[in-house]
Peer 1: 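Quick one: this structure, given as structure tokens, is what I'll be asking you about.
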Amino acid sequence: PLTTAPHAGLPSCDVHKSSATSTSDLSPSPIEPTTNGTDQLNILVVEDNPVNQKVAVKTLKKLGFRTDVAMNGLEALTLLGTTRYDGVLMDCQMPLMDGFAATREIRQREQSGTWTGHLPIIAMTANAMKGDRERCLEAGMDDYLSKPAKPNDLLATLHRWIPQAIKTATDSAAPVT
């Protein structure tokens, strides 16, 4: 997972709305899985549609994950500069900065050493046309899911990139359906 300025004890929230537009003051830090004092992993949901946000957050919480939500790529970059995440679910089409541009920026910061580690980024998009998966992978995303993603498909994809994801879901009180 990508690790940026660690903030132990920082509360996680369902929806984060940020008015910040500057992302140039982000600092690197060491790689560590995020636990926030629990076995839960922290997932950033980058999605501009409120209904899709609620579905993703509810599904992730049932699977035992902590979540934050960014409305667009700029907000995602701001959150990634202040909070550690174990993975990102990234919509592709959003205002201000889309998921492709945000992912390219994340990968550029990883390669330059501004951020350390490799943050798993999974595209979640309604686009299921030929070539969409390839476009996501070319932008630097690690995997691709079509919306709406079934909980088991989401968990399997998260586990592929964040091996502790299965333990988080197994330890969760809610059954995976």
Side-chain angles (χ1 to χ4, degrees), residues 1-8 10 12-13 15-16 18 20 22-36 38-48 53 56-57 59-61 63-94 96-125 133-145 149 153-169:
L2 174 80
T3 306
T4 59
H7 295 282
L10 192 74
S12 183
C13 60
V15 177
H16 178 84
S18 169
S22 173
T23 60
S24 61
D25 58 341
L26 305 175
S27 59
S29 63
I31 300 172
E32 292 176 29
T34 302
T35 60
N36 294 325
T38 71
D39 287 331
Q40 292 181 326
L41 297 174
N42 222 11
I43 304 295
L44 178 60
V45 176
V46 187
E47 170 66 63
D48 63 321
Q53 289 173 0
V57 167
T59 301
L60 287 165
K61 286 192 176 216
L63 292 171
F65 296 96
R66 296 178 67 112
T67 62
D68 286 331
V69 173
M71 298 285 292
N72 58 60
L74 287 176
E75 286 186 13
L77 292 172
T78 299
L79 283 171
L80 289 166
T82 60
T83 306
R84 283 187 259 161
Y85 293 95
D86 299 290
V88 175
L89 298 181
M90 182 79 74
D91 185 22
C92 295
Q93 304 297 324
M94 296 176 288
L96 300 180
M97 178 183 272
D98 67 24
F100 301 110
T103 299
R104 283 191 293 272
E105 180 64 22
I106 291 164
R107 297 302 183 228
Q108 187 278 323
R109 292 179 190 192
E110 290 171 347
Q111 289 177 348
S112 72
T114 302
W115 289 347
T116 58
H118 177 84
L119 179 66
I121 301 173
I122 299 163
M124 284 193 62
T125 181
R133 179 180 181 84
E134 291 75 20
R135 185 172 176 212
C136 291
L137 298 176
E138 285 172 10
M141 296 177 193
D142 296 296
D143 218 324
Y144 174 96
L145 286 170
D153 293 342
L154 177 58
L155 183 59
T157 303
L158 286 170
H159 177 64
R160 200 169 19 254
W161 299 101
I162 312 166
Q164 322 74 304
I166 290 292
K167 181 178 181 341
T168 297

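No hydrogens, no waters, no symmetry mates; every other heavy atom, side chains included, goes into these values.
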Peer 1: Using modelled atom types and a 3.5 Å cut-off, is there a donor and acceptor pairing between side-chain atoms of Thr82 and backbone atoms of Leu79?
Peer 2: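 Judged by distance alone, yes, a pair lies under 3.5 Å.
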Peer 1: To the nearest 0.5 Å, what is the distance between CG (Asp143) and CD1 (Ile121)?
Peer 2: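 Output value for this atom pair is 12.0 Å.
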Peer 1: Hey, mind stepping through Leu80 and Arg109 against side-chain contact (heavy atoms from CB on, under 4.5 Å) and telling me if it holds?
Peer 2: CA-CA 11 Å; Leu80 289 166; Arg109 292 179 190 192; over 6 Å; no
Peer 1: Please confirm whether the backbone N or O of Phe100 pairs with a side-chain atom of Thr103, one donor and one acceptor, at under 3.5 Å?
Peer 2: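 Flag not set: sc Thr103 to bb Phe100 has no pair under 3.5 Å.
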Peer 1: Find out whether Leu44 and Leu119 are in side-chain contact, i.e. whether some heavy atom of one side chain is under 4.5 Å from a heavy atom of the other.
Peer 2: no
Peer 1: Side chains of Leu74 and Thr78: does their closest heavy-atom pair fall under 4.5 Å?
Peer 2: no
Peer 1: Are side-chain heavy atoms of Phe65 and Asp86 found at a separation under 4.5 Å?
Peer 2: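 A side-chain contact under 4.5 Å is absent here.
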Peer 1: Evaluate the side-chain contact (heavy atoms from CB on, under 4.5 Å) criterion for residues Ile106 and Trp115: first the C-alpha distance (whole Å), next the side-chain angles of each, then the deciding distance (0.1 Å), finally the verdict.
Peer 2: CA-CA 8 Å; Ile106 291 164; Trp115 289 347; 3.9 Å; yes
Peer 1: Return yes if some donor-acceptor pair links the side-chain N/O of Glu47 with the main-chain N/O of Asp91 below 3.5 Å, else return no.
Peer 2: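 Checked: no pair found.
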Peer 1: Is a side-chain N or O of Asp153 found less than 3.5 angstrom from the main chain of Leu145, in a donor-acceptor match?
Peer 2: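 It does not hold such a pair.
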Peer 1: Taking side chain as C-beta onward, heavy atoms only, is Met94 less than 4.5 Å from Met71?
Peer 2: no
Peer 1: Just do the side-chain contact (heavy atoms from CB on, under 4.5 Å) check on Met141 and Cys92 with the steps written out, would you?
Peer 2: CA-CA 10 Å; Met141 296 177 193; Cys92 295; 4.1 Å; yes
Peer 1: State, to 0.1 Å, how close Met124 and Ala149 come at their nearest heavy-atom pair, and which atoms those are.
Peer 2: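 Reported closest heavy-atom pair: CE-CB, 3.9 Å.
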Peer 1: Start with the C-alpha gap between Asp142 and Arg107, add the side-chain angles, then the distance that decides, and say whether salt bridge (Lys or Arg N to Asp or Glu O under 4.0 Å) holds.
Peer 2: CA-CA 11 Å; Asp142 296 296; Arg107 297 302 183 228; 2.8 Å; yes
Peer 1: Quick check for you: to the nearest 0.5 Å, what is the distance between Thr125 atom OG1 and Asp98 atom CG?
Peer 2: 10.5 Å
Peer 1: Heavy atoms, side chains only, cut-off 4.5 Å: are Leu96 and Glu75 in contact?
Peer 2: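 Side chain of Leu96 against side chain of Glu75, heavy atoms only: no contact under 4.5 Å found.
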Peer 1: Would you say Thr157 and Arg160 are linked by a side-chain donor-acceptor pair, where the criterion is simply a distance under 3.5 Å?
Peer 2: yes
Peer 1: Would you compute the distance between atom CG of Leu60 and atom CZ of Arg66 and round it to the nearest 0.5 angstrom?
Peer 2: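 Atom-to-atom, Leu60:CG and Arg66:CZ are 13.0 Å apart.
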